[in-house]
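Shown next, in structure tokens, is the structure this report addresses.
Throughout, a chain's letter reflects where its sequence line sits, starting with A, and its residues are numbered from 1.
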Amino acid sequence: MAQEDIYHISAFAFKVYDLVIRIPKGKVSSYGDIARALGEPGAARAVGRALNKNPFSPQVPCHRVVKSNGLVGGFFDGYNKKLRLLKQEGVKIKQNRVARECFYGF
DNA sequence: CGTGTGACTCGGT
DNA sequence: GACCGAGCCACAC
């Protein structure tokens with residue numbers, strides 16, 4: 001895709017964004033799940049790194065991506081607010097943790 | 001071009 | 001359940 005070149009991101013990372021924005025409202029996903037959905041079960045780290053770069057900052061709802069165990073990663077401070085937002089969207093939060101039933105299966 | 005690090009994950013202890 | 005080590009991909013040095 002041409003957009004990758006524009007933003008200097010790998011096709012891999014681009015797929016990550018594409019997948020993340022596809023996560024339905026009220027659902028979340030984990031780095032590993034996204035990596036698996038991309039056909040690279042071991043690329044969870046790359047997925048996280050890609051989101052960290054995140055040239056689409058507000059466009060890509062990175063707050064919908066959490067750890068596999070449901071725990072939220074140690075992101076920047078503002079993430080706590082996003083948890084609140086997720087809860088508002090219908091995602092069940094258990095003390096900084098996302099309910100397993102709210103995970104979106106690709 | 002080799003090494004180390006990271007918003008990760010898994011399996012074994 | 002917690003800790004530890006190995007494996008995975010992308011990137012900075």
Fill in: Heavy-atom closest contact (A:E40 atom, A:F12 atom, distance)
CG-CE1, 3.1 Å
Would you mind telling me which of [options] lies closest to the side-chain atoms of [X]?
| X | options | result |
| --- | --- | --- |
| A:A43 | B:dA7, C:dC9, B:dC10 | C:dC9 |
| A:R49 | B:dG6, B:dT9, C:dC9 | B:dG6 |
| A:E40 | B:dC10, C:dC9, B:dA7 | C:dC9 |
| A:F12 | C:dC9, C:dA12, B:dA7 | C:dC9 |

Practice prompt. Return no unless some side-chain N or O of A:S10 is found under 4.0 Å from OP1 or OP2 of C:dC9.
Written response: no
Discussion item. Strictly below 4.0 Å: does A:R64 bring a side-chain N or O up to OP1 or OP2 of B:dA7?
Written reply: no
When the distance from [atom1] of [X] to [atom2] of [N] is rounded to whole Å, what number comes out?
| X | N | atom1 | atom2 | result |
| --- | --- | --- | --- | --- |
| A:N69 | B:dG11 | CG | P | 14 Å |
| A:K53 | C:dA12 | NZ | C1' | 9 Å |
| A:N96 | B:dA7 | CG | C1' | 15 Å |
| A:L86 | B:dA7 | CG | P | 20 Å |
| A:N52 | C:dA10 | CG | C1' | 11 Å |
| A:F56 | B:dA7 | CZ | P | 21 Å |
| A:L71 | C:dA2 | CG | P | 9 Å |
| A:L38 | B:dT9 | CG | C1' | 16 Å |

Discussion item. Between A:Y17 (side chain only) and A:A50 (backbone N and O only), is there a donor and an acceptor less than 3.5 Å apart?
Written reply: yes
Worksheet entry | Check ion pair A:K15-A:D18 (N to O, under 4.0 angstrom) | no
